[in-house]
Structure formats: structure tokens, C-alpha cells
Amino acid sequence: MGLFERYLTVWVGLGILAGVCLGLVAPDVFQLIAGLEYAHVNLVVAVFIWVMIYPMMIQIDWSSVKDVGRKPKGLMLTLVVNWLIKPFTMAGLGVLFFQYLFAPWVDPQSASEYIAGMILLGVAPCTAMVFVWSQLVKGDANYTLVQVSVNDLIMVVAFAPIAAFLLGVTNVTVPWETLLLSTVLYVVLPLLAGMATRKVLMGRSRHALADFVAAIKPWSIVGLIATVVLLFGFQAETIVAQPAVIGLIAVPLVIQTYGIFVIAYLAARWLKLPHNVGGPACLIGTSNFFELAVAVAISLFGLHSGAALATVVGVLVEVPVMLSLVALVNRSKGWYERQPDGATCPTAAR
């Protein structure tokens, strides 16, 4: 493990601090960057995410992808958590905290908007950052690609109905441009680039492929930290101006994240999934597609609404919390793979 990977939490912490400080010192610069977007997708952030994902896409072995269908348990776990559990637990926590526990400190209108923002986060499973979390836990890149792809296909048809049901409205406007553009930018293009690069390098030798992957792998971490700096820079003034509100919103979001992870992680062990499939499956079910959630919140409730603020807090909470879960997955590998009878978990999911 290199210097960047070993101290990743430190670098991300410094990135958060740098983003907030730079956002306060040079807000005009971040406003300019924030304006470089299309269909609510920030193009600069997209470039950094692309930098994160591309090195991982090169490692995908398409000859192995076809075998994923023979071991469906990991995929089924992800789908159950993402679509049958996560949206409803998020809605339940939102109601519990903002209609009851936090009611003395939050007015009813703001509370309903915070709940709506949380619901939109819960209904939007992650697309891009999943590849980062999978790499950090040494997950099966081929299996992760299939999990993300299937989730994206389901999201096209399931996002609007589930969001409408939980929000109690029937006119949820899904920004299809945001959904499609994000999928193309974060999955399709880096995947095609990775395939082309892999084919060229494999035409030379396996050694050439390994050397190239080793050379560009640190750029994944650079892209992650640069993304963190931008995200916290965009929201620096909000973080300073409304720390109490952000703290209140963060509480149920953090509980939701850790709670969903525990459910999925224990289920993965019960299903006897190998660590390189079970670990990423849990992290996929835990993280969120924040670009889509933010875009829908803005289109439904407005740029300065409580719903939009809640989705932004989701962005701020996700990276530090997910890093802690990555560390937990890595540290618990021995326990995770050990079966009740003392045997070792097989190397492939059943």
C-alpha cells in the first residue's frame, strides 16, 4: 500500500479543510467553477471523478464479467438493500428525527423539506464513487461493474415511482438529462477508455498492463481529494453560516449510513460471500448518487430549499463516513471470511 492509500483519511481531512478555507477566501472562483455545468452535472467535478474511475476500469477483465451470472448472491444483496430497504429506512429516520426528536428546533415547513431531501438521497444509489470504494477494499472490479450497471438500469424505471410514493406526490420530475449524462460520464466513457487501453496494453504484454496500472493508480486518490476540495469549497459559506442545521441533518444521515452498512455486511457474511464481493456490495448499498438527488431536489423544491440543503449535507457526510466504512471492511476481513465452523470462505460467491 502506497503513501496515498495508507494515509488516505489524513489527505481527505486536509482536502475538506482546504476546500472550506478556499471557498471562504475565494468564493468567486468556486462560483465560477460551479457554473460550469450541464443538466445539473458539474463538468469539473465530472473530470475529477473520471480521473478516479479510469484506472479501475482498465483492470476490468471482460472474460470474467460473463461469469458473474453464476454467482448472483452479491448482486441480489445489492439490489435488495438499494431498492427494498434503503429508501424506506431513510424516510423513516427523516420522519423520526424531524417530526419528533428535532421538532422543537425546526419549523414544520423546513422539517418537511429536510425529510424530502433525505428521501431523494435514499432513492438514489451511488454510481461513480462506488468504484473508488471497491478499489480501496480490493474488491472484484468485474463484479462491481455489473452491480453498478444493473443498479443504473433499475434506477431509470424505479427512481421516480419510489420517490413519488415516499414524498406523497405524483409529479416527481426526474431530470433525465442528469441521470443519463451522469451514467455516460461516470460509467460508459471511462469504461470504453479502460477497455481500449487494456486491449492495447495486453497486445504488448501482461507486464505492460501491470506497469501502466501501477503508474496511474495514484491518480485515483488525487481525483478523490480534488473532488472533496471542490465539493466543500462549493458549500463553504453554507457550512459556516448554518452549522447547527447541518449538524441536525447530518445526524440521521450518519445513522442511516452505518445502519444500512451493518445490515448489508452481516447479510453478506450470512450469504457466505467472499470478501472481494461482499465488501463492495455493502458499500454500494450504503453510498448515494448525490448528483441526481441534488438535481431533483432543486427542480422540485428550489435552489435554496431545505430539501436541496439536505442533499448537499449528504454529499458532505458521505466521504468521511464511507472512508471509515472502508477501513472497517479492510480490518474485519479475517472475521468476515471465517465461517461459523471455522472454515475459510471460498474465493468465489455462490
Side-chain angles (χ1 to χ4, degrees), residues 4 8-53 117-118 120-121 124-133 136 175 178 181-182 185-186 219-243 245-247 249-250 253-254 256-257 283 286-298 303-326:
F4 277 112
L8 181 58
T9 304
V10 175
W11 307 133
V12 169
L14 293 174
I16 292 173
L17 181 61
V20 173
C21 292
L22 291 173
L24 295 175
V25 172
D28 293 341
V29 174
F30 281 89
Q31 288 179 8
L32 177 63
I33 297 174
L36 300 175
E37 64 174 31
Y38 178 78
H40 299 292
V41 175
N42 186 273
L43 301 181
V44 179
V45 172
V47 169
F48 287 139
I49 291 178
W50 202 91
V51 170
M52 280 190 284
I53 296 173
M118 291 178 59
L120 291 174
L121 281 170
C126 190
T127 293
M129 296 294 285
V130 165
F131 295 104
V132 179
W133 313 136
L136 292 175
T178 301
L181 180 61
S182 296
L185 286 177
Y186 302 147
W219 284 100
S220 290
I221 307 302
V222 172
L224 172 61
I225 297 171
T227 303
V228 169
V229 171
L230 279 184
L231 293 178
F232 279 82
F234 292 155
Q235 303 300 328
E237 294 181 348
T238 302
I239 293 172
V240 173
Q242 304 183 60
V245 172
I246 289 174
I249 297 173
L253 290 179
V254 170
Q256 160 80 2
T257 303
L283 298 175
T286 304
S287 54
N288 304 304
F289 188 176
F290 57 80
E291 297 92 340
L292 179 61
V294 171
V296 176
I298 292 173
L303 180 62
H304 301 291
S305 65
L309 178 61
T311 57
V312 169
V313 175
V315 178
L316 303 181
V317 167
E318 176 159 324
V319 175
V321 172
M322 290 303 297
L323 284 175
S324 71
L325 295 178
V326 165

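Side chains are part of it too, since the values below use all heavy atoms of this structure and drop only hydrogens, waters and symmetry mates. The chain is numbered in sequence order, starting from 1.
- A distance of 12.0 Å separates CZ of Phe234 from CG of Leu316, quoted to the nearest 0.5 Å.
- Residue Glu318 holds its CD atom at 10.0 Å from CG of Leu323, rounded to the nearest 0.5 Å.
- Closest approach of Ala310 to Gly117, counting heavy atoms only: CB-CA, 3.9 Å.
- A heavy-atom distance below 4.5 Å is not found between the side chains of Leu283 and Val130.
- The CD atom of Gln242 lies 11.5 Å from the CD atom of Glu237; values are rounded to the nearest 0.5 Å.
- To the nearest 0.5 Å, the span separating CH2 on Trp50 from CG on Leu185 amounts to 10.5 Å.
- A distance of 8.0 Å separates CD in Glu37 from CG in Leu43, rounded to the nearest 0.5 Å.
- The side chain to side chain contact (heavy atoms under 4.5 Å, CB included) test applied to Ile246 returns Thr238, Ile239, Val313, not counting sequence neighbours.
- Counting all heavy atoms, side chain and backbone alike, Pro243 lies closest to Val240 at CD-O, 3.2 Å.
- Applying the side chain to side chain contact (heavy atoms under 4.5 Å, CB included) test to Val44 and every residue at least two apart in sequence or in another chain returns Ile33, Leu36, Asn42, Phe48, Leu230.
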| message | Val51 vs Thr227, test: side chain to side chain contact (heavy atoms under 4.5 Å, CB included). Steps then yes/no. | response | CA-CA 10 Å; Val51 170; Thr227 303; over 6 Å; no

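- Atoms CG and CD, on Leu121 and Gln256 in that order, are 9.5 Å from each other to the nearest 0.5 Å.
- You'll find the side chain of Asn288 stays beyond 4.5 Å of the side chain of Pro125, heavy atoms only.
- Qualifying side chain to side chain contact (heavy atoms under 4.5 Å, CB included) partners for Ala26, counting only residues two or more places apart in sequence or in other chains: Val29.
- Between Thr311 and Ala293, the shortest heavy-atom contact is CG2-O, 3.7 Å.
- Across every non-hydrogen atom of Ala236 and Gly19, the tightest pair is CB-O, 4.3 Å.
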